[in-house]
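Quick note on labels: first sequence line is chain A, next is B, and so on, each numbered from 1. Computed from a predicted model, the values in this text were never measured in an experiment.
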Protein chains: 2
Amino acid sequence: MATVSRVVNGNPNVKPSTRKKVLAAIEQLGYRPNAVARGLASKRTTTVGVVIPDIASPFFAELARGIDDIASMYKYNIILCDSDERIERELHLTNTLLEKQVDGIVFMGREITENHMQVFTTASVPIVLAGTKDPTGQLPSVDISHYEAGYDATKHLIEKGHKRVAMVTGPLIDPLAGMRRFEGYKKALDEAGLTFKDSYVYNGNFRYESGLDAVEQFMSLVEQPTAIFAASDEMAVGVIHGIQDRGLRVPEDVDVIGFDNIRLAEMVRPRLTTVVQPMYDIGAVAMRLLTKYMNNEKVENHIVILPHRIEERQSTKSNAGFDGEKEAE
Amino acid sequence: MATVSRVVNGNPNVKPSTRKKVLAAIEQLGYRPNAVARGLASKRTTTVGVVIPDIASPFFAELARGIDDIASMYKYNIILCDSDERIERELHLTNTLLEKQVDGIVFMGREITENHMQVFTTASVPIVLAGTKDPTGQLPSVDISHYEAGYDATKHLIEKGHKRVAMVTGPLIDPLAGMRRFEGYKKALDEAGLTFKDSYVYNGNFRYESGLDAVEQFMSLVEQPTAIFAASDEMAVGVIHGIQDRGLRVPEDVDVIGFDNIRLAEMVRPRLTTVVQPMYDIGAVAMRLLTKYMNNEKVENHIVILPHRIEERQSTKSNAGFDGEKEAE
DNA sequence: CTGAAAGCGCTAACAA
DNA sequence: TTGTTAGCGCTTTCAG
């Protein structure tokens with residue numbers, strides 16, 4: 001019994017000859033170790049929980065790939081839970097995962113509330129946040145700087161000579177991908193001496209249709225924006241199509257920049273200039289970080305901020321020269 | 001001890017007053033039942049395994065959503081395993097899931113080999129295939145008729161008057177989404193008296209780039225096709241862009257029809273006419289079917305074929321009238 | 001309706 | 001190097 005356990009677990013204290021015999025018997029009988037019993041006895045399940053807002057979102061799916069790749073590299077399986085972006089569900093799923101005795105959890109979500117903190121901090125296993133960050137900075141997390149990224153995207157447009165720069169934001173209830181990117185936009189405007197206008201902001205929901213709707217708002221203005229920053233690639237593509245559907249051209253009439261760099265960014269004409277977020281890496285690093293906690297390894301920085309950059313494609317004009325206008329201030 | 005178990009599991013044989021007391025104590029102590037111990041004792045883990053070729057593929061992600069929704073409706077959790085389209089990995093993951101004592105498995109994959117059958121048929125829990133089907137028809141499965149769908153798509157093009165209809169296939173090693181759709185294409189051609197030409201076929205891999213490459217092949221021909229059927233929406237969008245990049249127009253110069261109806265089909269100009277496959281439903285029905293097997297319910301049809309249909313959008317000409325040509329035969 | 005007792009299949013000391 | 005012995009935390013008879 002114990003020897004079989006040793007063989008199955010690769011314990012070296014087994015005489016090679018008996019190991020052979022055990023292995024033969026295992027093969028013979030088609031014996032399959034019971035991971036549940038093992039989990040109960042050893043208190044390790046080699047399973048980690050993953051909470052994801054929407055598995056069908058290209059952004060989160062890519063994070064999930066990063067998580068899964070590293071997890072399988074470390075021989076962990078993943079219990080994947082789609083929270084459908086609902087907070088009560090996030091909490092409930094986290095508790096279920098804890099009941100299932102996962103060795104750790106990677107949590108993806110939008111907003112981290114007090115309730116989240118309560119559940120997370122009382123958990124007996126490590127939890128790391130991927131693609132988000134808790135407001136108090138207590139929890140380990142892996143993300144980019146949404147503020148900087150929003151600032152950079154806007155500045156990129158301003159540097160091309162644009163004075164009338166609009167933004168399609170995400171839901172502002174989302175403190176990072178929604179609010180912080182928006183704040184970065186305002187900062188860039190401010191720094192360039194451009195006045196912020198409410199009519200140049202459309203609150204979207206990251207989806208394609210929001211981009212279409214945003215264009216409807218912007219193009220009904222007397223002073224139409226000449227450049228648009230969308231907080232997601234999907235919305236940016238919606239913006240491009242909205243513009244094209246009106247007979248205008250991108251980037252000749254309007255420059256467009258997106259956010260994320262999902263594959264869609266290359267599957268549109270013109271190809272989308274966008275802020276690239278290392279989605280796969282965010283997932284991978286988060287999972288790697290989790291393995292360290294699960295193995296009680298030392299971790300120096302529990303909050304990791306990965307770099308972003310701008311990938312310039314064809315939806316923004318390449319020439320810096322531009323028929324500037326002065327009315328915009 | 002036993003009474004607590006009864007309370008936790010909702011067993012009615014408990015006096016309401018003691019139930020109250022137990023519940024209070026649970027709350028008081030912050031007691032969290034251990035699902036692993038429960039699984040060992042009861043031999044049910046309320047967890048199902050899901051094998052998926054690529055979590056980042058919009059097609060499979062949508063299936064996964066269907067699976068997950070129904071699973072959570074029935075209080076199951078999901079261990080999600082990305083096989084990365086590699087057969088050995090599929091087999092290995094299936095075995096791991098079995099070791100983890102999942103109550104059932106939903107399997108998504110391309111080809112079902114002898115080796116698969118061996119593992120599947122010796123498993124002690126039910127396994128259902130989603131988005132595929134085993135060649136022998138022994139295993140429960142949920143899918144569409146790829147042959148019919150390929151036939152319908154091609155016929156749709158032919159009925160618009162096209163004589164030169166090309167196809168971008170999936171990998172022909174994929175017996176269904178690759179081969180069967182292709183066979184349907186050939187059937188429709190044959191039935192319409194059109195001769196099949198090798199040069200009108202491009203073997204793609206379902207990805208966007210394949211569509212681009214296919215156009216390169218097709219447009220180098222003396223007799224260029226006037227209509228193209230792509231076996232996936234991604235490839236179809238690649239085809240559209242390939243055509244547009246050459247200064248031609250869709251559908252004025254070439255009609256294009258895709259396959260799947262992923263969200264991308266609406267996020268392109270012109271919007272893509274496509275064969276709609278009920279992706280979410282395939283996943284949902286597969287999971288529902290699995291629950292029946294797990295509960296030992298009667299199942300009448302273990303192979304279910306869901307309907308497909310063609311959604312006509314702007315990438316195919318709406319008028320049946322067409323400047324036909326006769327050289328094509 | 002409740003409690004006692006026997007496992008579920010394994011791991012982890014401990015002894016031998 | 002191997003076997004023995006306790007559990008892991010629950011469910012499930014079986015008495016009472």
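Atom CG of B:L98 is separated from atom P of C:dG9 by 15 Å (rounded to the nearest Å).
Contacts between residues 5-15 of chain B and DNA chain D, counted as heavy-atom distances below 4.0 Å, involve B:S5, B:N9. Contacts between residues 21-33 of chain A and DNA chain C, counted as heavy-atom distances below 4.0 Å, involve A:Y31, A:P33.
Closest of all the heavy-atom pairs between A:P171 and A:F206 is CD-CE1, 3.4 Å. The two residues A:E90 and A:M108 come nearest to each other via the heavy atoms OE2-O, 4.4 Å.
In summary, the aromatic rings of A:Y293 and A:H302 are positioned with their centroids too far apart to meet the 6.0 Å limit.
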>> What verdict does the side-chain contact (heavy atoms from CB on, under 4.5 Å) test give for A:T291 and A:M294, after you've listed the backbone C-alpha separation in whole Å, the side-chain angles of each residue and the deciding distance to 0.1 Å?
In response: CA-CA 5 Å; A:T291 64; A:M294 293 188 298; 4.2 Å; yes
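The closest donor-acceptor contact from the side chain of A:T45 to the backbone of A:Q101 lies under 3.5 Å.
For the pair B:S17 and B:S42, nearest-nucleotide mapping onto DNA chain C gives the more 5' position to B:S17.
OP1 or OP2 of C:dG9 sits under 4.0 Å from a side-chain N or O of B:K43. The phosphate of C:dT2 (OP1 or OP2) has a side-chain N or O of B:T18 nearer than 4.0 angstrom.
Between B:R263 and B:E62 no salt bridge is recorded (no basic side-chain N to carboxylate O distance below 4.0 Å). Using a cut-off of 4.0 Å between Lys/Arg side-chain N and Asp/Glu carboxylate O, A:D54 and B:R65 are scored as salt-bridged.
A 6.0 Å sphere centred on CD of A:E114 holds no more than 12 heavy atoms belonging to other residues, nucleotides or ligands. By the neighbour-count criterion of 12 heavy atoms within 6.0 Å, atom NE2 of A:H92 is sparsely surrounded, having that number or fewer from other residues, nucleotides or ligands. For CD1 of B:I173, the number of neighbouring non-hydrogen atoms (other residues, nucleotides, ligands) closer than 6.0 Å is 12 at most.
Recorded end-axis angle for the helix from C:dC1-D:dG16 to C:dA16-D:dT1 stands at 30°, based on five pairs per end and rounded to 10 degrees.
Looking at heavy atoms from C-beta onward, B:Q138 lies out of side-chain contact with B:F120 at the 4.5 angstrom threshold.
Closest approach to the B:A2 side chain among C:dG3, C:dC10, D:dG9 is made by C:dG3 (side chain taken as heavy atoms from C-beta onward).
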